[in-house]
Number of protein chains: 2
Amino acid sequence: MYNHRSTKQRRAILELFNRQEKHLAAEEVHQLVRFQLPKISLGTVYRNLEALSEQGDLQKTVFPDGKARFEGAKHEHHHHMVCLGCSNIVDISLCPVRPEMKDLLNAEEFEAVYHRFEVFGYCRDCREKKNRN
Amino acid sequence: MYNHRSTKQRRAILELFNRQEKHLAAEEVHQLVRFQLPKISLGTVYRNLEALSEQGDLQKTVFPDGKARFEGAKHEHHHHMVCLGCSNIVDISLCPVRPEMKDLLNAEEFEAVYHRFEVFGYCRDCREKKNRN
DNA sequence: ATCATTGCAAATCTTTTGCACACCA
DNA sequence: TGGTGTGCAAAAGATTTGCAATGAT
């Protein structure tokens with residue numbers, strides 16, 4: 001489908017993720033990359049986010065708000081801690097999966113390809129704000 | 001927000017989930033409940049799915065395709081096994097979270113409210129189909 | 001020169017919302 | 001009766017796509 005051709009748009013988007021370590025939604029990527037390429041279209045951003053994810057340069061995750069967010073794929077296997085207050089997303093390096101899970105999947109004859117784990121709650125800052133009220 | 005009023009539409013939707021144990025998207029619920037209430041609108045379905053989730057009668061999950069799906073909330077805490085072939089979703093009763101995860105969250109001073117875990121891969125049937133090709 | 005990629009706009013898909021009317025408590 | 005719920009249609013938000021022009025190899 002996508003044949004890794006290097007365009008200034010694609011490079012600019014990828015560089016953005018090399019500088020930022022945050023999770024970014026397509027619209028945010030568009031805003032940020034516009035500083036460098038004012039004429040880049042949102043459609044192009046979507047196509048490149050998809051292409052870069054396909055070739056493993058980005059990692060795409062769909063969150064409960066139904067919006068996809070992307071992050072640089074430089075990291076190891078990891079999971080997410082999502083703040084219900086400020087919507088900030090922090091990576092978790094510890095994978096919580098106990099070995100029994102493999103047995104269960106084997107028993108079901110389910111061939112696992114990947115998994116995801118996300119904890120939702122309140123980060124330190126939002127916790128304090130909550131308690132002040 | 002929603003004050004648990006009992007209408008025939010709301011009852012019909014809830015009954016649907018008592019008969020079916022599958023995960024259903026809003027559009028599917030609409031199609032199915034129409035057999036019983038032909039004039040029910042999609043908007044009403046959405047509003048009731050939301051209301052029923054709020055009051056704990058249904059459980060809503062947003063999947064990587066960006067679509068929300070619902071299931072009856074009769075079950076205990078559980079997770080999901082999602083087939084990449086047939087899109088079927090099966091519940092996993094085993095929660096994989098190791099105790100170390102709690103320590104990590106404490107260290108981060110993150111107050112966990114809930115978490116989710118999903119394994120994506122191929123169910124027995126789709127595995128066979130794959131291997132035949 | 002070829003074919004992927006772009007910009008733009010229109011289209012799609014899921015979900016939400018405004019409004020007048022209907023119906024539950 | 002009063003306020004929540006409904007149907008309908010329009011709106012909103014995220015993402016995809018058709019097309020002619022552009023640009024990378």
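The figures that follow rest on heavy atoms only: side chains count, while hydrogens, waters and symmetry mates do not. First the proteins, then the strands, lettered A, B, ... as listed; each starts at 1.
The terminal axes of the helix from C:dA1-D:dT25 to C:dA25-D:dT1, fitted over 5 pairs per end, subtend an angle of 40° to the nearest 10°.
Every residue meeting the side-chain contact (heavy atoms from CB on, under 4.5 Å) condition with A:Lys8, not counting sequence neighbours, appears here in chain and number order: A:Arg11, A:Leu37. By the salt bridge (Lys or Arg N to Asp or Glu O under 4.0 Å) test, B:Glu109 pairs with A:Arg124, sequence neighbours left out. For B:Asp65, the salt bridge (Lys or Arg N to Asp or Glu O under 4.0 Å) criterion is met by B:Arg69, not counting sequence neighbours. B:Asn88 pairs by the side-chain contact (heavy atoms from CB on, under 4.5 Å) definition with B:Cys86, B:Val90, not counting sequence neighbours. Partners of B:His80 by ring pair (Phe, Tyr, Trp, His ring centres under 6.0 Å), not counting sequence neighbours, listed by chain and number: B:His23, B:Phe63, B:His78.
Rounded to whole Å, atom P of C:dT15 lies 18 Å from atom CZ of A:Phe63. Here D:dT16 presents its C1' atom at 15 Å from NZ of B:Lys67, a figure rounded to the nearest Å. Atom P of nucleotide D:dT4 and atom CD of B:Gln55 are separated by 15 Å, given to the nearest angstrom. Atom CG of B:Leu49 is separated from atom C1' of C:dT14 by 13 Å (rounded to the nearest Å). Atom P of nucleotide C:dT14 and atom CZ of B:Phe70 are separated by 13 Å, given to the nearest angstrom. The separation between A:Glu54 atom CD and C:dT5 atom C1' is 14 Å, rounded to whole Å. At whole-Å resolution of the value, CZ in A:Arg69 and C1' in D:dT15 are 14 Å apart. Across the protein-nucleic acid pair, B:Arg5 atom CZ and D:dG3 atom P stand 10 Å apart, rounded to whole Å.
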Extract from the structure each pairing of a protein N or O with an N or O of nucleotides 6-11 of chain D at less than 3.5 Å, listing the distance.
{"residue": "D:dT6", "atom": "OP1", "partner": "B:Thr7", "partner atom": "OG1", "Å": "2.8"}
{"residue": "D:dT6", "atom": "OP1", "partner": "B:Gln9", "partner atom": "OE1", "Å": "3.4"}
{"residue": "D:dT6", "atom": "OP1", "partner": "B:Asn48", "partner atom": "ND2", "Å": "3.4"}
{"residue": "D:dT6", "atom": "OP2", "partner": "B:Asn48", "partner atom": "ND2", "Å": "3.3"}
{"residue": "D:dT6", "atom": "O3'", "partner": "B:Gln9", "partner atom": "NE2", "Å": "3.0"}
{"residue": "D:dG7", "atom": "OP1", "partner": "B:Gln9", "partner atom": "NE2", "Å": "3.4"}
{"residue": "D:dG7", "atom": "OP1", "partner": "B:Lys39", "partner atom": "O", "Å": "3.4"}
{"residue": "D:dG7", "atom": "OP2", "partner": "B:Ser41", "partner atom": "N", "Å": "3.1"}
{"residue": "D:dG7", "atom": "OP2", "partner": "B:Thr44", "partner atom": "OG1", "Å": "2.6"}
{"residue": "D:dG7", "atom": "N7", "partner": "B:Arg47", "partner atom": "NH2", "Å": "3.0"}
{"residue": "D:dG7", "atom": "O6", "partner": "B:Arg47", "partner atom": "NH2", "Å": "3.3"}

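Sequence neighbours left out, the pairs with a member in residues 99-108 of chain A that pass salt bridge (charged side-chain N to carboxylate O under 4.0 Å, His left out) are A:Arg98-A:Glu100.
If you chain together hydrophobic residues whose side chains sit under 4.5 Å apart, A:Leu24 and A:Ile89 never meet in one group.
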Give the table of side-chain donor-acceptor pairs shorter than 3.5 Å for residues 114-122 of chain B, with sequence neighbours excluded, one pair per line with atom names and distance.
{"residue": "B:His115", "atom": "NE2", "partner": "B:His77", "partner atom": "NE2", "Å": "3.2"}
{"residue": "B:His115", "atom": "NE2", "partner": "B:His79", "partner atom": "NE2", "Å": "3.3"}
{"residue": "B:Arg116", "atom": "NE", "partner": "A:Glu118", "partner atom": "OE1", "Å": "2.8"}
{"residue": "B:Arg116", "atom": "NH1", "partner": "B:Val62", "partner atom": "O", "Å": "3.1"}
{"residue": "B:Arg116", "atom": "NH2", "partner": "A:Val62", "partner atom": "O", "Å": "3.4"}
{"residue": "B:Arg116", "atom": "NH2", "partner": "A:Glu118", "partner atom": "OE1", "Å": "2.8"}
{"residue": "B:Glu118", "atom": "OE1", "partner": "A:Arg116", "partner atom": "NE", "Å": "2.8"}
{"residue": "B:Glu118", "atom": "OE1", "partner": "A:Arg116", "partner atom": "NH2", "Å": "2.8"}

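Residue whose closest nucleotide on DNA chain C sits further toward the 5' end, between B:Arg11 and B:Ala26: B:Ala26.
In terms of phosphate contacts, A:Tyr46 brings no side-chain nitrogen or oxygen within less than 4.0 Å of OP1 or OP2 of D:dT16.
Within 4.0 Å of B:Ala68, counting heavy atoms only, lie sugar-phosphate atoms of the nucleic acid but no base atom.
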Q: For side chain to side chain contact (heavy atoms under 4.5 Å, CB included), just list the numbers for A:Phe70 and A:Leu16, CA-CA rounded to whole Å, side-chain angles, deciding distance to a tenth of an Å, and then say yes or no.
A: CA-CA 11 Å; A:Phe70 299 80; A:Leu16 184 65; over 6 Å; no
